[in-house]
Asker: 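Following this message is one structure expressed as structure tokens.
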Amino acid sequence: MAIGDSIKRVDAYGKVTGQARYTADLVPQEAYHASLVRATVANGEVTGFSLARAQAVEGVVAVFTCFDVPDRPFPTPGHPWSVEPAHQDIADRKLLNRRVRVWGDEVAVVVARDRLTAARAAALVEVQYQTYPPLLTPEAALAEGATVLHPELRKDNVLAHSAFALGEVSYDEAAREEGLIEAGGRYEVPAVQHCHLEPVHAFAYGEGGRIVVVSSTQIPHIVRRVVGQALGIDWGQVRVIKPYVGGGFGNKQEVLVEPLAAWLSMQLGGHPVSIELTREEVLGCTRVRHPFVWEVSGLVRPDGTLVARRYRAWSNQGGYASHGHAIAANAANQFKQAYHDERALESESWTVYTNCTTAGAMRGYGVPQSCFVTECLTDDLCRKLGMDPLAFRLKNCMREGYVDPHNGIPCLSYGLRDCLTEGAAVFDWAAKRRAYQHQHGPRRRGVGMALFTYKTGVYPISLETSACRMLLHQDGSFTVQMGATEIGQGADTAFTQMAAAALGVSEERVRVISTQDTDVSPFDTGAYASRQCYVTGMAIRKTAQSLREKMLSYAAWLLERPADTLALRDGAIFDQTGQQVLTLKQLGMESCYNLRRTEHLAAEETVHCQSNTLSTGVCFAEVEVDLPLGRVTVLRLLNVHDSGRIINHQLAEAQVHGGMSMGLGYALSEQLLYDAEGRPRNDNLLDYKMPTAMDTPPLEVLFIEKEDPSGPFGNKALGEPPAVPVAPAIRNAVLHATGVAINSLPLSPDKLTQAFAAAGLYEEEAGEYV
Amino acid sequence: MLRVIEFWLNGRRREVAVDPREALLDTLRERFGLTSVKRGCEVGECGACTVLIDGVSVDSCCYLTIWAQDKHILTVEGLQKDNGELSDIQKIFIEEAAVQCGFCTPGLILSAVEIIAAGKPRTREELRRLISGHLCRCTGYENILNAVERALRESLAKKTEPN
Amino acid sequence: MYDFADIYQAESELDAVRALHEDRQAMVIAGGTDVLVGIRAGRYPSARLVSVHGLEALTGVQMTADGGLRIGPCTTFSALESDPLIARHLPFLAQAAGHVGGPQIRNMGTVGGNLANGATSADTAPALLCCNAVLELTSWQGVRRVPLRDFYTGPGQTVRAQDELLTAIAISPADCNGLAGCSLKYGRRAAMEIATLNCAALLRREGDQIAELRLAFGVAAPTPVRCPEAEALAAGAAWSSALAEQLAQAALRETRPRNSWRASADFRRRLIAELTRRAVTAAWQQTEEGM
């Protein structure tokens, strides 16, 4: 087996038998359970509590309120620490908050002997508030006289603002050219939630004066740091353990409940305290994907040349900074990268605090949003122009050799045009596009596409570092330890393949330790930014090289011959004649038990990654629209990915399927809704509509494999991209089917029927739909 | 105020004292350590806690343990052989890469067991409906359907083979 | 773990009725998919439950001596969907039962619970309204029979008293023979849904005419409703697409859908009209196939 082969998941046996232990499976029997008292206002200030009824409940151990916790703000996003204070994340959270900025804000907590008692008592805590009008949109938060939500940090509700311009002229100047066609308008995407199947869960306990936190997290080393910050203790006093994780998708790239669990345990003499959020809390009170509103426009020549575009974005941050403006910046960058504007590009973005659910990282980090607006505008331009969307994209999309003019990120292996052309061929784009012209009647079909660009990891915007440790055992097998995390995506299997390839052994000899323990595991920032196979892959490669050298050097001593006459391959050591001279088992045994010289064969290396490269891809969608019911049925979805060399085809395809499904939900049905007071209305999996198997079409995947010169195994980003282009491809297919451009997500039946009515599609002429 | 009840759990007769307010999910996890039964939503909307009771799939979060008197309960812990060898359906889930984060997996495997036990050929669309009580965020259901379809096909083929 | 005060597992129908009589605060639990979820949401604090879960006598579908059908209220949706008598006599009821939630919920939830909780969104209610179903309510005092049409009094409210147990859903021979029907559910997803709208149509054909039509909706009003005006319009009328349109307009006049965050009243009106057209057409087409 080799890189690219579809070896089976290394953790699958545990997962099909129940042996794989997740956080809930590890909570000690004697643990206390904490239930949060959540604000029932979205904007206000806690003025007091009545705790007597809660405290009287049998089985309650303790009740703590926002008046009891340290007055020490801390940040929550899973970003690498910055040694420069100006680049550190905004610290605007406390363990419990007196100033309430979101509905469901944590204002008090009940600790009890069991979950039910904790929940029952938490419901009996009475909270008094001073309330302010909820600010639920950027418009409301930016209006004159709006309550400033973080007056200690900002003078108004703008968390951050940024702008850039490219080209020889301004957009308005470019627009003066004769004969240009302009399209654009206002576009919008809603808040959606990750819906990892395993809820957010952590528990903490004392151990020899230190605190141990077991958490379902993507970022164990960052959790350690933030718990240290939040509790005001040295980071080494915190030990974080990450067991198997039932999905994260960015919500667990956030420090959500760990600091409070740790603090509660410390208040209770180190007794284990578990905080397992309910599904309702996960949906309504953790993090969401940022809602955006845009005003964008574009100018094209009749020959199809993209002349200029203008982008103005308002990102709805919710109550706390979390990942903040990094999302809006990433979004604006992909709008820029995806197309070549001949004369001008103007971009301006605001991230605005509101009283909606705090927005954070979610698969795609601003790019699913930005891809929606980018690709809506593209097809709106094509429509006005009367040009085929494929031809337009081939003419104007990001070119080979592209380098982002601002952050310097290059596209070192270029597959975007191949994605477009090979995808179009597989999808039968041209024939379908023709076949679905001039349709009549209540059911109409259409095809649409969307393309995207996506960076690999966060360099040079932020730090990229990773470490790996490898050990040779007596039996000739290896263990590989990393700080990088398996959260369901298949990282441990890819790491196994990478380590085996780099060591020159078969995968059966390699065991990746799935659990991270910050006392033991090498440092890595974690699972996010589609970075691990790239950055951590570099650490694996480097460590394997180092271990190979040590093994060969020790073998040379054993065999009394120069190291450069020996080679490690196929799981054994060979001499120059190709003769096997030592098995790895012999080497492992000697290294431990040789009476003259033992040398435990292990290596640990750090990589400081200072490269990046753009992945790209395209989604093709075919839909049928039931006009009278406003129902969109997706008949076919094809994702084509240019992600460099694929490490494991079968698992990569599986990961792409999941992203497509998430994109499908974003397109058609998912949206976290709020009432006028800012309370989430649909914080359950019945009313929050992620797709079921019956809502999902066959999912097709195609890889355009170009060896990326910067990737450790020719690879580049794949984890997040599959979720990015699906929603705009479906929107554009609906546009093709009906001629109606829907400029906001989701494509709900209510919205569609109104738009179809406004477009006159329901005016029957001789019994026919026009 | 515990009540003693008896049922068959993964083929073995078990007696257990339970709180009558206990969901079967709690009993299986807390009293029998069957960690394959996952708590995903607690209200029957995600399917992660699915078990088979007398061969029929139910959400164990919405099923009171006291109702299980004398019933046969199956979780994935009851599927593999004593030597740890996996059942065909478990193997096929692995081979078809139907497993990702693993949180929906045990429940889906049990629905697959129910589908196969019915012994009826099913179309892909019928299979979609038969697994529609499980939410999965990782797979888009594609490989899960592949696995269930293949397991069913192989099972039906075995049945029709002459001895 | 659920936060209720107590549960009594009844051993028989009579035992359950006695328990409800003796504890005037007690409430019935059958499949559990609605009551337990309500308890978790805090809707029934300190509830005392009388469980009829799995009582054989209340389970299953039987043909009565006169050729009618008697549906046990503890029959699960799955059992109803696959029942041979239902398949033969009222396939549109099987269709409606198949619209509930997902497989596990259909394996647990009961048709009796679907009606007894009074929800306008009950997936089986429109079909059962079309069948002129009569509910048998049993208390310690005796038995009374209430047509489903008279059962609902408001959102989540019915005429059933606390101490009454729903013991049977009866359908007369005339209401389960020689009819063709169709149940349609509109939800955002194809499974695991609460209905945005439910519609059921049941008709008897004579020649090229609709001899009799029954049309019912869920979520088109505070309770599931029949549409007498549309039904009167159809009686004796020749089938045509123009008739379907007239029925759609009549149904709109007879329903009162509301605005909610799940869907606007306007959209629900659109659904009422369109699902009327589709359900009546599908029911008519079945009579064509049968000929």
Side-chain angles (χ1 to χ4, degrees), chain B residues 1 3 5 18-27 29-31 39 41-71 107-108 110-112 114-115 118 120 125-136 141, chain C residues 1-11 29-44 46-56 59 74 76-79 81-82 95 97-110 113 185 187 189-194:
Chain B
M1 44 156 201
R3 285 185 209 172
I5 71 156
V18 299
D19 187 313
R21 302 172 303 165
E22 225 165 284
L24 184 58
L25 166 69
D26 302 320
T27 307
R29 286 187 59 84
E30 311 303 330
R31 300 191 190 274
R39 184 158 52 232
C41 74
E42 303 178 88
V43 286
E45 288 161 3
C46 79
C49 66
T50 299
V51 302
L52 299 190
I53 297 181
D54 290 346
V56 174
S57 59
V58 303
D59 295 312
S60 64
C61 68
C62 295
Y63 188 97
L64 295 176
T65 306
I66 54 167
W67 291 338
Q69 178 68 39
D70 293 325
K71 307 261 188 217
L108 269 154
L110 290 166
S111 280
E114 184 186 22
I115 291 166
K120 286 184 206 156
E125 290 316 301
E126 285 172 331
L127 291 178
R128 284 188 188 279
R129 181 163 187 269
L130 290 168
I131 65 161
S132 64
H134 296 270
L135 294 178
C136 170
Y141 311 101
Chain C
M1 187 80 83
Y2 285 95
D3 197 359
F4 55 80
D6 195 16
I7 184 164
Y8 176 74
Q9 178 61 43
E11 283 167 10
I29 183 169
T33 53
D34 187 62
V35 170
L36 290 177
V37 171
I39 286 170
R40 183 174 171 280
R43 278 202 287 279
Y44 315 113
S46 306
R48 292 199 294 276
L49 305 176
V50 171
S51 168
V52 293
H53 191 275
L55 286 186
E56 286 285 329
T59 305
C74 287
T76 63
F77 298 108
S78 296
E81 193 188 355
S82 60
Q95 197 179 14
H99 290 154
V100 176
Q104 297 95 313
I105 296 294
R106 290 195 289 273
N107 288 341
M108 305 165 77
T110 66
K185 174 177 181 173
R189 292 187 293 202
M192 302 304 279
E193 262 299 359
I194 179 165

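Just so it is clear: chains get the letters A, B, ... in the order the sequence lines come, proteins before strands, and each one is counted from 1. FYI, side chains are in, hydrogens and waters are out, and symmetry mates aren't considered; it's all heavy atoms of this structure.
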Asker: Given the rule in the side-chain contact (heavy atoms from CB on, under 4.5 Å) test, do B/S111 and C/Q104 qualify, once you have shown the distances and angles that lead to the verdict?
Answerer: CA-CA 9 Å; B/S111 280; C/Q104 297 95 313; 4.2 Å; yes
Asker: Relative to chain C, which segment of B/R3 carries a heavy atom at a distance below 4.5 Å: side chain, backbone, both, or neither?
Answerer: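 B/R3 touches chain C through side-chain heavy atoms alone.
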Asker: Which heavy atom of C/Y2 sits nearest a heavy atom of B/A23, and at what distance?
Answerer: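 Closest approach of C/Y2 to B/A23, heavy atoms only: CE1-CB, 3.9 Å.
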Asker: Quick check for you: to the nearest 0.5 Å, what is the distance between C/N107 atom CG and B/L52 atom CG?
Answerer: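 Output value for this atom pair is 9.5 Å.
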Asker: For chain B, find its close neighbours in residues 46-56 of chain C: heavy-atom separation under 4.5 Å, sorted by number, or none.
Answerer: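 Residues C/S51, C/H53 are the ones that qualify, each having a heavy atom under 4.5 Å from chain B.
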Asker: Given the options B/H134, B/R128, B/E30, B/M1, which has more heavy-atom pairs under 4.5 Å with chain C than any of the others?
Answerer: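 Top count of heavy-atom pairs under 4.5 Å with chain C: B/H134.
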Asker: Of all the heavy-atom pairs spanning B/P20 and C/I7, show the shortest one and how long it is.
Answerer: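 In this case the closest contact between B/P20 and C/I7 is CB-CG2, 3.8 Å.
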Asker: Non-hydrogen atoms of chain C under 4.5 Å away: do they reach the side chain of B/E114, the backbone, both or neither?
Answerer: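 For B/E114, side-chain heavy atoms alone lie under 4.5 Å from chain C.
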Asker: With a 4.5 angstrom heavy-atom cut-off, is it the side chain or the backbone of B/D26 that approaches chain C, or both, or neither?
Answerer: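 For B/D26, side-chain heavy atoms alone lie under 4.5 Å from chain C.
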Asker: Using non-hydrogen atoms only, which part of C/M1 is less than 4.5 Å away from chain B: side chain, backbone, both, or neither?
Answerer: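 The answer is both parts of C/M1.
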Asker: Who are the side chain to side chain donor-acceptor pair (under 3.5 Å) partners of B/T65, not counting sequence neighbours?
Answerer: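 Counting only residues at least two positions away or on another chain, B/T65 forms a side chain to side chain donor-acceptor pair (under 3.5 Å) with B/T27.
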Asker: Using non-hydrogen atoms only, which part of B/L25 is less than 4.5 Å away from chain C: side chain, backbone, both, or neither?
Answerer: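 Neither part, no heavy atoms under 4.5 Å.
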Asker: At what distance, to the nearest 0.5 angstrom, does CE of C/M108 lie from OG of B/S60?
Answerer: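 Output value for this atom pair is 8.0 Å.
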Asker: Between B/L130 and chain C, with a heavy-atom cut-off of 4.5 Å, which part of the residue counts as in contact: side chain, backbone, both or neither?
Answerer: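 Looking at B/L130, just its backbone touches chain C.
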Asker: More than 12 heavy atoms of other residues, nucleotides or ligands under 6.0 Å from CD of C/E11: yes or no?
Answerer: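 12 or below, so no.
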Asker: Strictly below 4.0 Å, N to O, side chains only: are C/R189 and B/E45 in salt-bridge contact?
Answerer: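 Between B/E45 and C/R189 there is no salt bridge, as every charged N stays at least 4.0 Å from the carboxylate O atoms.
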Asker: If I take atom CD from residue C/Q9 and atom CG from residue B/L64, how far apart are they, to the nearest 0.5 angstrom?
Answerer: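 With rounding to 0.5 Å, CD (C/Q9) is 9.0 Å from CG (B/L64).
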Asker: Among residues 33-44 of chain C, which residues come closer than 4.5 Å to chain B, judged by heavy atom distances?
Answerer: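 Interface residues of residues 33-44 of chain C: C/L36, C/V37, C/R40.
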Asker: Checking B/C49 against chain C: side chain, backbone, both or neither under 4.5 Å from a heavy atom?
Answerer: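 No part of it gets close to chain C.
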Asker: State which residues pass side-chain contact (heavy atoms from CB on, under 4.5 Å) with C/A191; sequence neighbours excluded, sorted by chain then number.
Answerer: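 Partners of C/A191 under the side-chain contact (heavy atoms from CB on, under 4.5 Å) test: A/T692, A/M694, B/S132.
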